[in-house]
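This report refers to the structure that appears directly beneath it.
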Amino acid sequence: MATGDKVRVESIDLLRGLAMIVMALDHVRDFFSNAHFEATDITKTTPAYYFTRFITHFCAPIFVFLAGTSAFLQLERGKTKPELARFLLTRGLWLVFLELTFVRFGWTLNVDYHFVGVQVIWALGWSMVLVAPLVYLPSRVTGAIGIAMVVLHNLTDKVHSNMWLWSVLHESSMIALPDHRRLFVVYPLVPWVGVMAAGFGFGELVRRARLVRLGAAMFVAFVALRAANIYGDPHPWRPQATFGSTLGDFLNCEKYPPSLLFLLMTLGPAIALLAPLERFRGRVANVVRTFGRVPLFYYLLHLLFAHGLAVLLATLRYGRVQRGMFTLPFVWSVPSDYGYSLPIVYVLWVFVVAALYPLCRWFEGVKRTHKSAWLSYL
């Protein structure tokens with residue numbers, strides 16, 4: 001094993017790779033589906049649509065949590081705490097810049113800044129900035145701070161404010177800016193900063209803890225708290241007409257911002273999966289690992305590719321460019337018969353992932369053989 005890889009945890013790359021692949025399913029569904037309703041709305045959805053959306057809920061928590069764990073492992077690879085703090089600060093600001101430029105363009109394919117929505121890369125970037133000073137603390141203290149943020153932030157669920165800072169920190173909402181511009185904060189920061197800090201503390205446990213038991217305990221805590229309907233999510237579940245609808249309502253926890261129950265529900269199984277992934281080998285594992293080692297590169301490419309493909313197919317179908325394809329969300333502006341059935345969405349998802357794999361494999365090789373500092377920012 002190469003010196004630079006001596007503390008690399010293969011299961012982290014594999015879990016991140018799985019999250020990135022599944023994430024593309026959600027975005028391909030956004031760009032191509034003919035179901036113009038919220039997939040987790042139990043009054044309108046079907047089991048297939050619900051599952052397609054539900055499985056992608058795991059992606060953002062895994063991505064942010066493992067970013068914290070990977071930061072801790074950089075200390076084990078030889079980075080000093082000042083070097084790590086500086087890296088997190090600069091990379092975090094870089095990610096915020098990418099969210100406001102490249103990522104926004106990938107979602108809209110326009111440069112009209114009257115409306116800007118900030119999502120997971122925004123939250124990831126600011127989380128790195130805010131976790132940077134915490135790396136000077138003992139990792140267990142940083143992890144405890146993160147857990148406290150995750151556990152306690154739902155205490156303020158009934159607090160509402162029109163202040164822009166409250167929207168940025170806790171309550172997803174639209175912020176009015178000068179000149180009739182609007183900023184929609186999809187991913188408020190507080191719980192995501194907590195997730196990354198908790199992931200940093202988890203780095204100390206990743207090889208020592210009984211991960212299956214830890215993950216299972218988190219999921220059991222989710223079931224118990226959710227069943228009690230006493231704390232952890234702003235939307236209590238209620239019995240529905242059928243068992244399937246009841247289960248759907250039970251699992252439909254708040255993501256914007258992620259509630260304590262949402263994070264227990266998603267991170268518990270993810271942590272439990274790390275142990276069996278250590279034994280995952282073969283060609284499929286190599287493909288998954290590739291996506292996990294170049295996640296940002298893949299993320300940026302898949303938005304442009306999937307959205308561009310949607311524009312192309314819509315143009316061929318309707319005989320002219322659909323201007324609604326250049327707004328966000330464009331389902332408000334495209335023809336009512338736009339989109340494809342769920343099986344076709346799955347086919348397009350596989351196509352997008354497969355088409356991007358050669359580029360991701362090439363870039364993985366570049367990062368492995370070239371040690372230029374700038375490559376760590378992609």
Side-chain angles (χ1 to χ4, degrees), residues 11-12 14-27 29 38-40 49-70 119-121 123-124 127 143 146-154 157 172 186-203 205-206 209 211-227 231-235 237 247-277 288 291-292 295 299:
S11 59
I12 290 179
L14 288 166
L15 182 58
R16 186 188 291 115
L18 284 173
M20 300 309 293
I21 292 170
V22 173
M23 171 207 67
L25 172 60
D26 192 38
H27 298 162
R29 181 184 61 84
E38 175 53 52
T40 54
Y49 273 109
Y50 187 97
F51 173 79
T52 300
R53 175 57 175 148
F54 176 78
I55 195 66
T56 65
H57 280 335
F58 290 78
C59 302
I62 289 173
F63 198 34
V64 177
F65 185 81
L66 293 184
T69 305
S70 298
Q119 303 187 65
V120 67
I121 302 301
L124 185 68
S127 294
I147 291 171
M149 294 174 72
V150 167
V151 171
L152 299 177
H153 84 275
N154 285 114
D157 282 344
S172 178
V186 184
Y187 278 66
L189 298 181
V190 168
W192 295 113
V193 175
V195 169
M196 184 175 291
F200 185 86
F202 177 75
L205 306 175
V206 69
L211 300 182
V212 174
R213 291 187 180 182
L214 174 61
M218 291 172 64
F219 190 76
V220 168
F222 155 71
V223 173
L225 280 172
R226 186 62 165 161
Y231 179 74
D233 195 271
H235 309 298
W237 69 279
L247 179 62
D249 198 33
F250 188 89
L251 295 175
N252 192 23
C253 297
E254 181 60 57
K255 182 182 178 181
Y256 307 107
S259 67
L260 167 62
L261 295 184
F262 179 91
L263 293 170
L264 287 172
M265 176 182 70
T266 53
L267 287 177
I271 288 172
L273 189 58
L274 281 169
L277 282 177
V288 173
F291 290 116
Y299 183 91

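Just so you know, these numbers come straight off a predicted model, no measurement behind them.
Side-chain contact between Leu260 and Leu225 is present, with heavy atoms from C-beta onward closer than 4.5 Å. Contact of the Ile62 side chain with the Thr266 side chain is not registered, since no non-hydrogen atoms from C-beta on lie closer than 4.5 Å. The shortest side-chain heavy-atom distance between Met218 and Leu263 does not fall under the 4.5 Å cut-off. Annotation: side chain of Phe250 is not in contact with side chain of Met265 (no heavy-atom distance under 4.5 Å). In this structure, the side chains of Asn252 and His235 stay at 4.5 Å or more apart for every pair of heavy atoms. You'll find the side chain of Glu254 stays beyond 4.5 Å of the side chain of Phe262, heavy atoms only. Looking only at side-chain heavy atoms (C-beta outward), Thr40 and Tyr50 come within less than 4.5 Å of each other. The side-chain heavy atoms of Phe54 and Leu251, taken from C-beta on, include a pair separated by under 4.5 Å.
Judged by distance alone, with hydrogens and angles left aside, the side-chain atoms of Ser259 form a donor-acceptor pair with the main-chain N or O of Gly232 at under 3.5 Å. Under a 3.5 Å cut-off, the side chain of Trp192 and the backbone N or O of Ser127 do not form any donor-acceptor pair. Of the possible donor and acceptor atoms, one in the side chain of Thr69 sits under 3.5 Å from a partner among the backbone N and O of Gly199.
Closest heavy-atom contact between Ile121 and Phe63: CD1-CE2, 4.3 Å. In terms of heavy atoms, His153 sits closest to Tyr231 at N-OH, 4.3 Å. The minimum heavy-atom distance between Ala275 and Val212, with the atom names listed, is CB-CG2, 3.9 Å. Here the closest heavy-atom approach between residue Pro257 and residue Ser172 is recorded as CD-N, 4.4 Å. Counting all heavy atoms, side chain and backbone alike, Val150 lies closest to Pro191 at CG2-O, 4.0 Å. Shortest non-hydrogen contact noted between Asn154 and Pro234 is ND2-CD, 4.1 Å.
Counting heavy-atom neighbours within 6.0 Å of Phe51 CZ, excluding the residue itself, gives a total of 12 or less.
Side-chain contact, Ser70 with Arg16: a donor N or O sits under 3.5 Å from an acceptor N or O.
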Are Val22 and Phe58 close enough, and set up right, to give a side chain to side chain contact (heavy atoms under 4.5 Å, CB included), and what steps lead you there? CA-CA 9 Å; Val22 173; Phe58 290 78; over 6 Å; no

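In this structure, Phe202 and Phe65 have tilted ring planes: the angle between them lies in the 30° to 60° band.
The distance from the CG atom of Leu211 to the CG atom of Leu205 is 8.5 Å, given to the nearest 0.5 Å.
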